[in-house]
Engineer: 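Take this structure, written in structure tokens, and hold onto it; I'll ask about it next.
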Amino acid sequence: MSRDGATGLRYGWTTGACATAATTAAYTALLTGEFPDPVVIDLPHDKHPSFALAREALDGGAATVGVVKDAGDDPDVTHGALVSARVTHGEPGTGVTFRAGEGVGTVTKPGLPLPVGEPAINPMPRQFMREHVAAVAARHGGTGDVVVEISVEHGEELARKTWNPRLGILGGLSILGTTGVVVPYSCSSWIDSIRRGIDVARAAGHEHVAGCTGSTSERVVTELHGLPEDALLDMGDFAGAVLKYLRRHPVPRLTIAGGIGKLAKLADGHLDLHSGRSQVSTESLAALVRDAGGAPELVEGVRAANTALDALQQCQAAGLPLGDLVAAGARETALGVLRGAPVEVDVVVIDRGGTIVGRAQRHLVVE
């Protein structure tokens with residue numbers, strides 16, 4: 001297993017790579033009667049990982065292989081999941097037909113890169129599997145006409161921890177991966193889910209979406225604007241991902257909602273709001289207070305604050321609307337990233353209890 005040169009963390013393999021390995025081994029067994037173990041597949045960027053077979057079965061006209069997903073050092077919800085492929089011969093000339101087995105979802109809403117009714121096996125994993133089926137067929141005299149049914153053990157349960165239900169992918173997980181490699185802590189699947197969430201909202205005709213940092217801000221926005229579930233984007237720490245995708249695929253209105261700490265980072269120009277990758281600058285908060293006419297002792301108190309919430313409470317006691325100032329700064333950062341895209345932005349700042357402590361929108365002037 002390869003490691004990241006900077007962090008020393010192990011790379012892993014996507015569900016798409018695992019499904020490709022299982023399909024390759026199963027089709028080989030279907031044609032030859034023997035399971036290659038381990039099975040080697042070819043991925044982009046000259047990567048050729050091998051996968052041990054965790055399960056194998058050859059029953060008449062069907063071969064089934066399961067491999068265990070190793071996500072490396074990435075905190076992936078599917079790490080350790082058993083990904084299986086059941087391969088049978090298809091009708092002549094049909095090529096590779098994909099089916100969703102147990103634990104793999106089915107697309108039920110438009111806006112995704114697959115038609116409604118299709119198994120949630122993304123385009124690139126499908127391409128990987130088609131290429132490997134063709135290679136196995138050429139090597140062992142097959143036609144390449146097969147039905148591939150992909151399953152993930154406990155996939156329906158695992159999918160509840162993902163965006164799939166909100167995106168309209170029902171019954172299980174998606175089979176994902178553009179390169180086959182999981183980069184530790186890249187959170188690529190989360191960012192991809194943000195993009196797919198925007199696609200689904202646009203396809204549904206929604207003109208207002210909300211990027212929320214967590215469940216509390218999501219609840220507040222729902223109460224405030226009455227948005228349907230598929231207009232809510234679980235933004236988490238990835239404000240930049242939301243804004244950059246909306247720049248290319250605009251929706252008329254965006255509400256950004258989150259706690260004072262995370263949105264103080266956005267106001268300070270940070271687009272990744274994770275605590276390990278950006279910090280709240282009390283110096284920047286003190287500058288906001290100073291520019292708003294705060295007393296020198298309040299400015300110094302904010303500069304010395306332990307947290308953004310501490311700074312907020314000091315300002316509330318002094319009658320200065322720090323929440324509104326942070327919201328205005330966050331909105332300014334967002335508009336800068338959008339670069340004139342036709343998206344109107346408003347920002348809602350909350351405290352830990354879900355109380356709105358600051359807002360900014362086009363017609364709201366903070367004095």
Engineer: Indicate, with yes or no, if Leu298 and Val326 share a hydrophobic cluster defined by side-chain heavy-atom contacts under 4.5 Å among Ile, Leu, Val, Met, Phe, Trp and Tyr.
Structural biologist: yes
Engineer: If you group Ile, Leu, Val, Met, Phe, Trp and Tyr by side-chain heavy-atom gaps below 4.5 Å, do Val136 and Leu30 land in one group?
Structural biologist: yes
Engineer: State whether the number of non-hydrogen atoms from other residues, nucleotides or ligands found under 6.0 Å of Asp59 atom CG is greater than 12.
Structural biologist: no
Engineer: Find the distance between CZ (Phe238) and OG1 (Thr213) and round it off to the nearest 0.5 Å.
Structural biologist: 12.5 Å
Engineer: How close do Val152 and Ala81 get, heavy atom to heavy atom, and via which atoms?
Structural biologist: CG1-CB, 4.0 Å
Engineer: Can you confirm whether Arg55 is buried at CZ, in the sense that more than 12 heavy atoms of other residues, nucleotides or ligands lie under 6.0 Å from that atom?
Structural biologist: no
Engineer: Does Val299 reach the side chain of Val289, with side-chain heavy atoms less than 4.5 Å apart?
Structural biologist: yes
Engineer: Any donor-acceptor pair under 3.5 Å linking the side chain of Thr23 with the backbone of Thr20?
Structural biologist: no
Engineer: Determine, using the 4.5 Å side-chain heavy-atom cutoff (strictly less than), whether Val104 and Val147 are members of one ILVMFWY cluster.
Structural biologist: no
Engineer: With side-chain hydrogen bond (donor to acceptor under 3.5 Å, both in side chains) as the criterion, how do His249 and Asp199 come out once you've worked through the C-alpha distance, each side chain's angles and the decisive distance to 0.1 Å?
Structural biologist: CA-CA 8 Å; His249 308 277; Asp199 291 342; 5.1 Å; no
Engineer: Keeping the roles fixed (side chain from Lys265, backbone from Leu273), state whether a donor-acceptor pair exists under 3.5 Å.
Structural biologist: yes
Engineer: What distance do Leu254 atom CG and Asp346 atom CG have between them, rounded to the nearest 0.5 Å?
Structural biologist: 7.5 Å
Engineer: Do Val181 and Val68 land in one hydrophobic cluster if side-chain heavy atoms of ILVMFWY residues count as linked below 4.5 Å?
Structural biologist: no
Engineer: Is there a donor-acceptor pair under 3.5 Å between the side chain of Thr88 and the backbone N or O of Gly61?
Structural biologist: no
Engineer: Main chain of Gly111, side chain of Arg202: is a donor-acceptor contact present, judged purely on distance under 3.5 Å?
Structural biologist: no
Engineer: Are any of the side-chain heavy atoms of Val343 and Val251 separated by less than 4.5 Å?
Structural biologist: no
Engineer: Applying side chain to side chain donor-acceptor pair (under 3.5 Å) between Thr255 and each of His208, Arg359, Gln361, report the one that passes.
Structural biologist: His208
Engineer: Spell out, yes or no, whether Leu266 and Leu309 are grouped together once hydrophobic residues are joined by side-chain heavy atoms under 4.5 Å, including indirect joins.
Structural biologist: yes
Engineer: Strictly distance-based, threshold 3.5 Å: is any side-chain N or O of His225 a donor or acceptor partner for the main-chain N or O of Val221?
Structural biologist: no
Engineer: Kindly compute the distance separating CD (Gln314) from CD (Gln316), expressed to the nearest 0.5 Å.
Structural biologist: 11.0 Å
Engineer: Using modelled atom types only, decide if a donor and an acceptor are shared between the side chain of Tyr245 and the backbone of Arg196 within a distance under 3.5 Å.
Structural biologist: no
Engineer: I'd like to know whether Leu227 forms a side chain to side chain contact (heavy atoms under 4.5 Å, CB included) with Thr222, so could you lay out the CA-CA distance, the side-chain angles of the two residues, the decisive distance to 0.1 Å, and finally the verdict.
Structural biologist: CA-CA 5 Å; Leu227 295 177; Thr222 301; 5.7 Å; no
Engineer: Looking only at heavy atoms, which two atoms of Gly261 and Ala308 are closest? And how far apart?
Structural biologist: CA-CB, 3.8 Å
Engineer: Looking at Glu218 and Cys212, what are the two nearest heavy atoms and their distance?
Structural biologist: CA-SG, 3.7 Å
Engineer: Please find the pair of heavy atoms, one from Cys18 and one from Phe51, that lie closest to each other, and give the distance.
Structural biologist: SG-CE2, 4.1 Å
Engineer: Under 6.0 Å from the CD atom of Glu131, do we count more than 12 heavy atoms belonging to anything else shown?
Structural biologist: yes
Engineer: Do any N or O atoms from the side chain of Asp73 and from the backbone of Arg10 form a donor-acceptor pair under 3.5 angstrom?
Structural biologist: yes
Engineer: Out of curiosity, Glu300 CD to Thr282 OG1, how far, rounded to the nearest 0.5 Å?
Structural biologist: 10.0 Å
Engineer: Are side-chain N/O atoms of Ser174 and Asn164 paired as donor and acceptor at under 3.5 Å?
Structural biologist: yes
Engineer: Report yes if some heavy atom in the side chain of Pro165 is under 4.5 Å from a heavy atom in the side chain of Thr162; otherwise report no.
Structural biologist: yes
Engineer: Do Phe35 and Val65 have side chains that approach each other closer than 4.5 Å (heavy atoms only, starting at C-beta)?
Structural biologist: yes
Engineer: Pairing donors with acceptors under 3.5 angstrom, does anything connect the side chains of Thr78 and Lys69?
Structural biologist: yes
Engineer: Looking at side-chain heavy atoms only, is the closest gap between Ser215 and Arg219 below 4.5 Å?
Structural biologist: no
Engineer: Look at atom CZ of Arg352 and say whether more than 12 heavy atoms of other residues, nucleotides or ligands are closer to it than 6.0 Å.
Structural biologist: no
Engineer: Should Glu344 and Arg331 count as an ion pair when the cut-off is N to O under 4.0 Å?
Structural biologist: yes
Engineer: Does Val96 reach the side chain of Met129, with side-chain heavy atoms less than 4.5 Å apart?
Structural biologist: no
Engineer: What is the minimum heavy-atom distance between Gly197 and Leu233, and which atoms define it?
Structural biologist: C-CD2, 3.8 Å
Engineer: Can you establish whether the number of heavy atoms outside Arg126 located under 6.0 Å from its atom CZ is more than 12?
Structural biologist: yes
Engineer: Return the NE2 to CD distance between His154 and Glu102, rounded to the nearest 0.5 Å.
Structural biologist: 9.0 Å
Engineer: Please answer whether the main-chain N or O of Asp234 pairs with a side-chain N or O of Trp190 as donor and acceptor at a distance below 3.5 Å.
Structural biologist: yes
Engineer: Test side chain to side chain contact (heavy atoms under 4.5 Å, CB included) on Thr106 and Leu170; report intermediate values, then the result.
Structural biologist: CA-CA 5 Å; Thr106 298; Leu170 303 183; 5.8 Å; no
Engineer: Side chains of Leu271 and Thr333: closer than 4.5 Å at any heavy-atom pair?
Structural biologist: yes
Engineer: Out of curiosity, Ser284 OG to Gln279 CD, how far, rounded to the nearest 0.5 Å?
Structural biologist: 12.5 Å
Engineer: Work out which heavy atom in Phe98 is nearest to a heavy atom in Pro119; give both atom names and the distance.
Structural biologist: O-CG, 3.4 Å
Engineer: Judged by atom type as modelled, is there a donor-acceptor pair below 3.5 Å linking the side chain of Asp37 to the main-chain atoms of Leu53?
Structural biologist: yes
Engineer: Are the side chain of Arg166 and the backbone of Leu232 linked by a donor-acceptor contact shorter than 3.5 Å?
Structural biologist: yes
